[in-house]
Enquirer: 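Pasting a structure below so you can have a look.
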Amino acid sequence: MYFYGKTDIGKMRATNQDNFFTMRISDNVLLFVLCDGMGGTNGGNIASKLAIRTFSEYIEQQLSGYINDDNVICDTEEISFTSLLNDAVLHANKAVYSRAHENSELANMGTTIVAAISVDDKLYITNVGDSRLYLLEGTLLTQLTHDHSYVQMLVDMGHITKEEAANNPRKNILTRAVGTEPTVEADVMETELPPEGSYLLLCSDGLYNFLTEQELIDIVYDTCGEYDDDDYEAELAYKTDRLIDKANANGGGDNITIILIKIL
């Protein structure tokens with residue numbers, strides 16, 4: 001598994017309130033986290049940074065005792081990674097909520113979060129808000145996470161279509177976020193690690209709101225880049241840059257953050 005992450009301010013924002021983090025916890029466990037902050041000039045940046053730090057530190061601390069001398073976590077079936085992710089979100093929520101109530105200038109700040117832990121042949125995912133995790137397999141794009149947003153709620157209720165939601169002026173209204181309430185309910189799921197040759201994509205809404213699904217697929221499966229076939233880091237960097245450039249060319253109306261992962 002190879003991965004590459006990048007964040008970009010976009011073309012319309014004065015600050016970048018997105019943040020991301022990647023970490024190889026052991027030889028068989030990797031962590032990916034992405035947050036899109038909200039709340040004033042500095043509040044969103046503080047919220048996303050604090051959430052990522054609290055979340056990732058909790059995961060690392062909880063798993064550190066399971067790593068053996070070969071830098072592998074054995075007997076992974078004895079660890080509830082879904083509970084671990086849920087608890088990490090709760091710790092992040094508490095940290096952001098507490099910080100917001102310590103400083104009136106940070107009142108109402110919060111952040112989305114989408115995170116994944118790869119463990120051997122399993123993938124564990126959590127999310128709050130509308131940052132997403134996609135699977136690209138055989139040029140088929142599948143959204144693995146479920147948005148916590150006003151327009152997604154309308155889609156779920158059958159009041160509007162997915163296509164109508166994409167252009168709804170209220171699409172940025174969240175129904176859940178990290179740090180805006182004393183506690184939060186995260187979505188958590190477990191699935192099989194995708195097959196060789198597929199991709200995973202974590203991203204903020206600054207990407208998917210400014211690209212069509214077909215544009216996203218075409219860029220990720222583009223084979224015309226100037227990199228060697230087995231230079232996967234160069235491939236992912238090239239494709240990440242192209243995704244960001246395309247989002248900016250299509251308006252760049254928000255911060256853009258991507259973690260692109262290739263399964264080998």
Side-chain angles (χ1 to χ4, degrees), residues 5-23 31-61 85-115 126-133 145-153 168-188 202-210 244 247-248 251-259:
K6 189 172 183 178
T7 186
D8 186 87
I9 195 171
K11 296 178 70 176
M12 305 296 291
R13 302 293 190 184
T15 60
N16 190 347
Q17 300 191 348
D18 289 2
N19 281 285
F20 73 93
F21 179 77
T22 61
M23 181 181 186
L31 172 66
F32 310 96
V33 195
L34 185 151
C35 288
D36 178 355
M38 58 189 186
T41 302
N42 296 315
N45 183 46
I46 292 171
S48 61
K49 281 185 176 179
L50 180 58
I52 282 182
R53 184 173 73 246
T54 306
F55 181 94
S56 58
E57 286 180 353
Y58 181 83
I59 296 287
E60 183 181 14
Q61 290 168 1
L85 285 172
N86 186 72
D87 291 345
V89 170
L90 292 176
H91 275 74
N93 187 82
K94 182 179 179 180
V96 175
Y97 184 81
S98 297
R99 178 72 64 84
H101 284 73
E102 291 171 359
N103 186 338
S104 60
E105 294 182 359
L106 302 178
N108 301 316
M109 75 175 183
T111 183
T112 70
I113 189 168
V114 59
T126 188
N127 77 289
V128 177
D130 63 354
S131 294
R132 295 178 177 177
L133 192 154
T145 52
H146 191 77
D147 293 350
H148 304 133
S149 66
Y150 175 73
V151 294
Q152 183 62 57
M153 181 178 66
N168 191 295
R170 306 174 78 180
K171 64 185 177 183
N172 293 326
I173 298 176
L174 300 181
T175 56
R176 288 186 224 170
V178 172
T180 57
E181 300 290 341
T183 189
V184 69
E185 180 181 356
D187 287 350
V188 184
L202 290 79
C203 65
S204 61
D205 62 345
L207 180 73
Y208 66 76
N209 277 339
F210 293 89
I244 290 174
N248 278 323
D254 203 350
N255 307 146
I256 310 159
T257 304
I258 297 169
I259 302 173

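It should be emphasised that the depicted structure is a prediction, and the values quoted were computed from it without experimental measurement.
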Enquirer: CG of Leu174 to NE2 of His148: how many Å apart, nearest 0.5 Å?
Expert: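 Output value for this atom pair is 10.0 Å.
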Enquirer: Determine whether more than 12 heavy atoms belonging to other residues, nucleotides or ligands lie under 6.0 Å from atom CE of Met23.
Expert: yes
Enquirer: To the nearest 0.5 Å, how far apart are CD1 in Ile113 and CG in Asn19?
Expert: 11.0 Å
Enquirer: To the nearest 0.5 Å, tell me how far His101 NE2 sits from Met109 CE.
Expert: 10.0 Å
Enquirer: Can you tell me how far the CG atom of Asp254 sits from the CG atom of Asn172, to the nearest 0.5 Å?
Expert: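 Output value for this atom pair is 7.0 Å.
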Enquirer: Quick check for you: to the nearest 0.5 Å, what is the distance between Asn255 atom CG and Thr15 atom OG1?
Expert: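 So the gap between those two atoms works out to 6.5 Å.
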Enquirer: Side chains of Thr175 and Gln152, heavy atoms from C-beta outward: is any pair under 4.5 Å?
Expert: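 Thr175 does not reach Gln152 side chain to side chain.
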Enquirer: Give me the atom names and distance for the closest heavy-atom approach of Tyr150 to Arg170.
Expert: OH-NH1, 3.4 Å
Enquirer: Looking at Leu202, Asp147, Val114, Thr112, which one forms a side chain to side chain contact (heavy atoms under 4.5 Å, CB included) with Arg132?
Expert: Asp147
Enquirer: Can we say Asp187 and Arg176 salt-bridge, meaning some charged N sits less than 4.0 Å from an Asp/Glu carboxylate O?
Expert: yes
Enquirer: Step by step, would you call Leu31 with Phe55 a side chain to side chain contact (heavy atoms under 4.5 Å, CB included)?
Expert: CA-CA 10 Å; Leu31 172 66; Phe55 181 94; 4.0 Å; yes
Enquirer: On a heavy-atom basis, which atom in Val96 and which in Gly179 lie closest, and how many Å separate them?
Expert: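 The answer is CG1-CA, 3.7 Å.
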Enquirer: Apply ring-ring contact (aromatic ring centres under 6.0 Å, His included) to His91 and list each qualifying residue two or more places apart in sequence or on a separate chain.
Expert: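 With sequence neighbours excluded, His91 shows a ring-ring contact (aromatic ring centres under 6.0 Å, His included) to Tyr58, given in chain and number order.
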Enquirer: Could you check whether Thr7 and Asp18, counting side-chain N and O atoms only, form a donor-acceptor pair closer than 3.5 Å?
Expert: no
Enquirer: Does a side-chain heavy-atom distance below 4.5 Å link Leu133 with Asn127?
Expert: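 In short, these two side chains do not touch, never coming nearer than 4.5 Å.
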Enquirer: So do the side chains of Leu85 and Ile59 get within less than 4.5 Å of each other, counting heavy atoms only?
Expert: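 Heavy-atom side-chain distance check passes, below 4.5 Å.
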Enquirer: Between Ile52 and Cys35, what is the shortest heavy-atom contact and its length?
Expert: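 For Ile52 versus Cys35, the nearest heavy atoms are CG1-SG, 3.5 Å.
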Enquirer: For residues Ser131 and Leu34, report the shortest heavy-atom separation together with the two atoms involved.
Expert: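 Minimum heavy-atom contact is OG-CD2, 3.9 Å.
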Enquirer: Grab the two heavy atoms, one from Cys203 and one from Tyr208, that are nearest each other, plus how far apart they are.
Expert: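 Reported closest heavy-atom pair: SG-CD2, 4.0 Å.
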Enquirer: Looking at Ala51 and Val178, what are the two nearest heavy atoms and their distance?
Expert: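 Minimum heavy-atom separation between Ala51 and Val178: CB-CG1, 4.5 Å.
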Enquirer: Any chance NZ of Lys171 has more than 12 other-residue heavy atoms, nucleotides or ligands included, within less than 6.0 Å?
Expert: yes
Enquirer: Take Asn86 and Thr126 through the test side chain to side chain contact (heavy atoms under 4.5 Å, CB included) and record every step on the way to the result.
Expert: CA-CA 7 Å; Asn86 186 72; Thr126 188; over 6 Å; no
Enquirer: Distance check, rounded to the nearest 0.5 Å: Ser48 atom OG versus Asp36 atom CG?
Expert: 7.5 Å
Enquirer: Under the rule for ring-ring contact (aromatic ring centres under 6.0 Å, His included), what residues qualify as partners of Phe20, not counting sequence neighbours?
Expert: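 Scan of Phe20 (ring-ring contact (aromatic ring centres under 6.0 Å, His included), adjacent residues dropped) gives none.
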